[in-house]
Amino acid sequence: MAVALALRRRFRAVTVIKEEVAKLLELKKLVDDGKSSGQFVLKCPKGTRDYDPFQMAIREKVFSVITSCFKRHGAVAISTPAFELKETLLGKYGEDQKLIYDLADQGGELLSLRYDLTVPFARHVAMNNIKTMKRYHIDRVYRRDQPRMTLGRYREFYQCDFDIAGEYDPMIPDAECVRIVFEILSQLDLGSFVIKVNHRKLLDGMFEACGVPPEKFRSICSAVDKLDKAEWEEVKKEMVEEKGLEEVAAGRIGEYVKLNGRLELLERLTSDERLTAVPSSVAGLEDMKLLLQYCKLFGVLDKVSFDLSLARGLDYYTGVIYEAVLTGDPSKGKEGGVPAVGSVAGGGRYDGLVGMFNSQG
Amino acid sequence: MATSSSQEQDVQGEVLKKGKPREQKEDAEKLLESKKQADDGQSGGQFVLKCAKGTRDYDPFQMAIREGVFSVIISCFKRHGAVSISTPVFELKETLLGKYGEDQKLIYDLADQGGELLSLRYDLTVPFARYVAMNKIKTIKRYHIDRVYRRDQPRMTLGRYREFYQCDFDIAGEYDPMIPDAECVRIVYEILSQLDLGSFIIKVNHRNVLDGMFEACGVPPEKFRSICSSVDKLDKTEWEEVKKEMVEGKGLEEAVADKIGEYVKLSGHFELLEKLMSDMGLTAVASARAGLEDMKLLLHYCELFGVLDKVSFDLSLARGLDYYTGVIYEAILTGDATMKDGEVPAVGSVAGGGRYDGLVGMFDPKGQHVPCVGVSIGIERVFSILESRAKEAGGKGIRTVETQVMVASGQKNLLEQRMKVCTLLWNAGIKTEMLYKRNPKLLNQFQYSEREGVPLLVIVGEEETVKGGVKIRDTHTREEDFVEMAALVPELNKRLAECQHSERV
């Protein structure tokens, strides 16, 4: 009797499980619309990946070095949500707008996954009426790019931002940022590196001095931006043939953008009459003079290169711009001898972004 | 500098005249235009400055608390030999389908933008099972701390957000019974003890014991789940109300409900186990007997792990039970007697978990069996408890910056010297700041140090520079001493070590 009872119970249990599995498979078919063969697809979404324990151990070490450095310089940490109101992100990224991940409209607010950590930072500062803040933020961001995983191009990836907000005497915080990049890259032991610096106003002044029509500034600027990957001849061709720049103007630009150096370059440019006839160049050069002086006091000048070919997209940059590249391995060159880009850090001054969030500007 | 509000503008000095380039205005106009277009006239053309509903920023104070909590928790996980993994914030939609029962509707989907259909992860357990199956892992002991997403009705005062942290520890693999299960209890015990949250208990129960109990009481099998979720409400509701729901809402016979009532009020340790093992009705169910055997081992191991006094074998513990197949746990804080009406204590559930042997098999096309057991720490609740406690104490003991030295000057034209000293200190690994002003006021620098808890200042002065040194000022005692440049770093290190020591005392 007990055996029969036990058997009946076991049978019932098995039946229940069978029913559950059948329900599940049915549900899956409904959702699939026949897309899969009823198998579970075991993969991460395109452009994303898990970190296994080995990768996590490396990651932890890297974050530890970076966070120590930020703390050494007195930064606080903040954190923001993975998604923002869609309208918060609108109009901030130019053409890259289309790479933003939207959340489905499920009847509530329209949301998008954050594209970087800078716009959320500006939102946070404006929202809390913050006047000054030195903060770091390490978190993941999302871009519906064409993923090229071998090149380390993912759709979900970490950004590690350090920003100083506030009205201060010129170039002191700007120089501290260079110092921070210097410390981090040194401690991460990635081999030799260079921190290129330039200035938005100087670039604009240079274009004006060379005879670039103002409405072409942005366009010519993004051509210059390609000089880290392409040769000058190619870039010049793009400026003249595709972007309709006069060859003479392009030629003049070519004379400038091949220049890099430090205080001697600064001297040379400061005595360049054509350049200094444009007020914005003068302003840019004054800033750069201070920057190089402060970099020297901070003990980092030998890693800095004042480089007139540095352009950096320049969407919201208003002053100094930086980009750090690894220069370690010369064997990793492209054909034509242009070294493979090892850009490991970038940034600059962006004085207008928080104001965009503030109705008072 | 940490942060300052508009009230502290006097610290800033001269307002920097930065002329707005023409392009910024154009940008702003373009922005407003595109915003109008996007709005379809829904807003007044103003930027709405807020976070998405149910989400929030963490400010520096909250981050300092959070960092402290993570540090305790991660140390504990590492102490027990766990590795960590990380998974993407979204999964293929189909990965999450059919795993959460009714909660399915709370999942955030991503818009169909022409590619794969994606959803934000709802927990860290399903991604873990996917990871284990995908990599054909047989055994892994891992922790994972990250945020998850649920389109719940947010109740922020109760710490109920739509985006929140989970802190999971799981052991996957075929092992001898109950050893990993007991280690999970030990881990919860260590974490809750070290976080200093007051008294707590770790309730334990078993899926098979629960099912056996229902069967013994005469609950029809098709009602098991439904009655189980009623029992689950006993942590927030009185028995009479729950009984009413069972009988009137779910059509259970009153006699049966009463029998359940007799069981679910029971809790204890070995004496309860004895009692249940002599309960004929219960032990007639084979799976219940097996469950009780498990519980016997568990309590025994908990005793060996030194945690039994915090454990309570509690028959009212149910925990949703979607994918649990064996032991289940839930830890609650019992410290603060903040009572609701009717004297049922406000729920302080801070951890939960259990054994879930079937989940990985659901992902594996060959149905490879990888049994799992794990716990999840409810850190949002821990954050808010520690945050209120810190605020009540006036924020003492929580620093948002870790700066050790402020390099200051009160006289003019000493910016260069300050920078050189900063460089010296940074090179020595000392956490150092200076104000971003050419000629700051000494008082402002003193006030900053006091406010942010910076223990020492190095004051650069003309006289001292001539003598080949600087002054060290103790923020707390306000005493100042001259020191030569060569001795500066060693002297600072010595004093900082002393500071730390006295803080600990």
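Chain naming here is simple, since letters A, B, ... match the order of the sequence lines and numbering starts at 1 in each.
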Engaged part of Tyr143(B) at the chain A interface, taking heavy atoms whose separation is under 4.5 Å: side chain
Aromatic plane relationship, Tyr158(A) with Tyr51(A) - under 30° parallel, 30 to 60° tilted, over 60° perpendicular: perpendicular
Non-hydrogen side-chain atoms of Arg49(A) and Gln55(A) separated by less than 4.5 Å: yes
Note, Phe363(B) side chain near Val132(B) side chain (heavy atom, < 4.5 Å): no
Pick from Gly108(A), Ala82(A), Ala283(A) with the largest number of heavy-atom pairs that fall under 4.5 Å of chain B: Ala82(A)
Heavy-atom pair count under 4.5 Å with chain B, highest-scoring of Ala175(A), Ser79(A), Cys69(A), Cys44(A): Ser79(A)
Residue pair Glu84(A) / Pro120(A), side-chain heavy-atom distance below 4.5 Å: yes
Winner by heavy-atom pair count (cut-off under 4.5 Å) against chain A, out of Asp109(B), Val405(B), Leu425(B), Val83(B): Asp109(B)
Part of Arg151(B) within contact of chain A (heavy atom distance under 4.5 Å): side chain
4.5 Å side-chain heavy-atom contact, Gln417(B) and Val407(B): no
Portion of Leu415(B) that has a non-hydrogen atom of chain A nearer than 4.5 angstrom: side chain
Engaged part of Glu60(A) at the chain B interface, taking heavy atoms whose separation is under 4.5 Å: side chain
Asn135(B) side, atom CG; Leu42(A) side, atom CG - distance, nearest 0.5 Å: 9.0 Å
Closest-packed option against chain A by number of heavy-atom pairs under 4.5 Å, given Ile140(B), Asn427(B), Ile430(B), Thr403(B): Asn427(B)
Chain A contact via Arg66(B) - which portion, at a heavy-atom distance below 4.5 Å: side chain
Note, Leu89(A) side chain near Val119(A) side chain (heavy atom, < 4.5 Å): yes
Ser280(A) side chain to Asp204(A) backbone, donor-acceptor under 3.5 Å: no
Heavy-atom pair count under 4.5 Å with chain B, highest-scoring of Thr80(A), Leu103(A), Asp52(A): Leu103(A)
Any donor-acceptor pair under 3.5 Å from Arg121(B) side chain to Pro88(B) backbone: yes
Flag, side chain of Gln104(B) to backbone of Gly98(B), donor-acceptor distance under 3.5 Å: yes
Most chain A-contacting option - heavy-atom pairs closer than 4.5 Å, from Gly429(B), Ala64(B), Ser119(B): Gly429(B)
Proximal component of Arg147(B), with respect to chain A [non-hydrogen, under 4.5 Å]: side chain
Side chain, backbone, both or neither of Glu176(A) within contact of chain B (heavy atoms, under 4.5 Å): side chain
Portion of Asp174(A) that has a non-hydrogen atom of chain B nearer than 4.5 angstrom: neither
Proximal component of Leu353(A), with respect to chain B [non-hydrogen, under 4.5 Å]: neither
Tyr350(A) versus chain B, the contacting section by heavy-atom distance below 4.5 Å: neither
Portion of Leu111(A) that has a non-hydrogen atom of chain B nearer than 4.5 angstrom: side chain
Min side-chain heavy-atom separation Lys86(A)-Ile100(A) under 4.5 Å: no
Side chain, backbone, both or neither of Gln113(B) within contact of chain A (heavy atoms, under 4.5 Å): both
Selection from Met419(B), Met134(B), Met63(B) maximising heavy-atom pairs under 4.5 Å formed with chain A: Met419(B)
Chain A contact via Glu116(B) - which portion, at a heavy-atom distance below 4.5 Å: side chain
Side-chain donor or acceptor of Arg200(A) paired with backbone N/O of Arg349(A) under 3.5 Å: no
Region of Leu113(A) that comes under 4.5 Å of a non-hydrogen atom in chain B: side chain
Part of Glu67(B) lying under 4.5 Å from any heavy atom of chain A: side chain
Choice from Ser86(B), Ala111(B), Cys51(B) maximising heavy atom contacts with chain A below 4.5 Å: Ser86(B)
Heavy-atom pair count under 4.5 Å with chain A, highest-scoring of Glu91(B), Glu416(B), Lys420(B): Glu416(B)
Beyond-backbone contact of Phe83(A) with Tyr142(A), side-chain heavy atoms, under 4.5 angstrom: no
Contacting region of Arg155(A) [heavy-atom separation from chain B under 4.5 Å]: neither
Derivation and outcome, ring pair (Phe, Tyr, Trp, His ring centres under 6.0 Å), residues Phe298(A) and Phe182(A): CA-CA 10 Å; Phe298(A) 280 154; Phe182(A) 170 89; over 10 Å; no
Part of Asp112(B) lying under 4.5 Å from any heavy atom of chain A: neither
Verdict with reasoning, Phe128(B) to His144(B), per side-chain contact (heavy atoms from CB on, under 4.5 Å): CA-CA 9 Å; Phe128(B) 173 55; His144(B) 186 184; over 6 Å; no
